[in-house]
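Below is one structure; the comments refer to it alone.
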Amino acid sequence: MSRDGRRHAVDTVPEDQESEANPELRHILVAMQNSLATIDSKIDSLSYRMDIIYEWLDKQVECVDEAERRISAVEDDYNEISQTKTKKTDRIVTALREKVEDLEVRSRSSNIRVVGIAESRAIDNMEHFIEKLLTTLLGRETFFDLFVVEHAYRSLAPRPPPGTLSQQAIAKLLNYRDHAVALRKVWELKTLRYEGSDISLYPDFRQ
């Protein structure tokens, strides 16, 4: 039964019955009316509070929707910026790699790799040793007047086992023209021997 129905049922007691009703029944009816009034008041209060809660929930839903829209926009912007920066970074890395490779090739352009130096040979001054080796094998007249081995060092390749190929050295010539005429002379001579060892000369190509 609804709230209005309960109130109507209590309020519409026939007058003849009320006149005949004893004081105790009248007291019960009054108590029921008061109880219904209290219940109605509490229901109204609860309804008001529920309205406030629903209003608060609606605002929270709006806030969540707005947050989701902002997060989505930030993610879209981040993805776009990330892709742009990644492409830019890739281009920079590629350009730097090409520059490094070009510098490495240029730095090796006047290098000669010497193979066949006896492993047991002690060399105090590698630059002086390579100068003497090249001028002895190829002839001093092969090179220009100012023939200088700018830098020379033992190759970083693993040391060969005893009885196998001897150590390698890399020599950087000061003049690139000496590098070119030396390799041309090697091709003409075919075979090179120095102090009983077979010597091979190669360009120092990038591995």
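If you're wondering where the values come from, they're calculated on a predicted model, not measured in any experiment.
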If you look only at distance, which donor and acceptor atoms sit under 3.5 Å apart when one is on a side chain in residues 181-193 and the other is two or more places apart or in another chain?
unit_1	atom_1	unit_2	atom_2	d
K190	NZ	W187	O	3.2
R193	NH1	D198	OD1	2.4
R193	NH2	G196	O	2.6

message: One pair to check against salt bridge (Lys or Arg N to Asp or Glu O under 4.0 Å): E62 and K59. What are the steps and the verdict?
response: CA-CA 5 Å; E62 292 178 358; K59 291 182 179 180; over 6 Å; no
- prompt: Between L138 and L201, is a side-chain contact (heavy atoms from CB on, under 4.5 Å) present by the stated rule, with each step listed?
  reply: CA-CA 11 Å; L138 307 179; L201 304 178; 4.2 Å; yes
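Using cut-offs of 30° and 60° on the angle between ring planes, the pair Y153 and H151 is tilted.
Taken to the nearest 0.5 Å, the CD1 atom of I39 stands 12.5 Å off from the CG atom of L46. Note that the CG atom of D58 and the SG atom of C63 stand 11.0 Å from one another [nearest 0.5 Å]. We find the CZ-CG distance between R140 and L134 to be 11.0 Å, quoted to the nearest 0.5 Å. In this structure, the separation between CD1 on I71 and OH on Y78 is 15.0 Å, given to the nearest 0.5 Å. The distance from the CZ atom of R97 to the CD1 atom of I92 is 12.5 Å, given to the nearest 0.5 Å. From D178, atom CG reaches atom CD of E150 across 12.0 Å, with rounding to the nearest 0.5 Å.
Pairing each heavy atom of S110 with each of H179, the nearest pair is C-CD2, 3.5 Å. Pairing each heavy atom of A169 with each of M126, the nearest pair is CB-SD, 4.1 Å. In terms of heavy atoms, G116 sits closest to S197 at O-CB, 3.6 Å.
At distances below 3.5 Å, not a single donor-acceptor pair connects side-chain atoms of Q168 with backbone N or O atoms of V115. T94 places a side-chain N or O within 3.5 Å of a backbone atom of D90 that can act as its donor or acceptor partner. At least one donor-acceptor pair closer than 3.5 Å links the side chain of T86 to the backbone N or O of S82. Of the possible polar contacts, none joining the S47 side chain to the I43 backbone as a donor-acceptor pair under 3.5 Å is found.
Side-chain atoms of M32 and I28, non-hydrogen and from C-beta on, do get closer than 4.5 Å to each other. Two residues are said to be in side-chain contact when any heavy atoms from C-beta on lie closer than 4.5 Å; L173 and V149 meet this criterion. In this structure the side chain of E131 never reaches within 4.5 angstrom of the side chain of F143, judged on heavy atoms. Residues V105 and S109 are not in side-chain contact: their nearest non-hydrogen atoms beyond the backbone lie 4.5 Å or more apart. F147 has its side chain out of reach of N175: every pair of non-hydrogen atoms, C-beta onward, lies at least 4.5 Å apart.
For D102 and R106, the salt-bridge test passes: some basic side-chain N is under 4.0 Å from an acidic carboxylate O.
At a threshold of 4.5 Å between side-chain heavy atoms, the hydrophobic network of Ile, Leu, Val, Met, Phe, Trp and Tyr places V114 and Y194 in one connected group. W56 and M50 fall within a single hydrophobic cluster, where Ile, Leu, Val, Met, Phe, Trp and Tyr side chains are chained together by heavy-atom contacts under 4.5 Å. L133 and F144 fall within the same hydrophobic cluster, defined by Ile, Leu, Val, Met, Phe, Trp and Tyr side-chain heavy atoms under 4.5 Å apart, directly or through other members.
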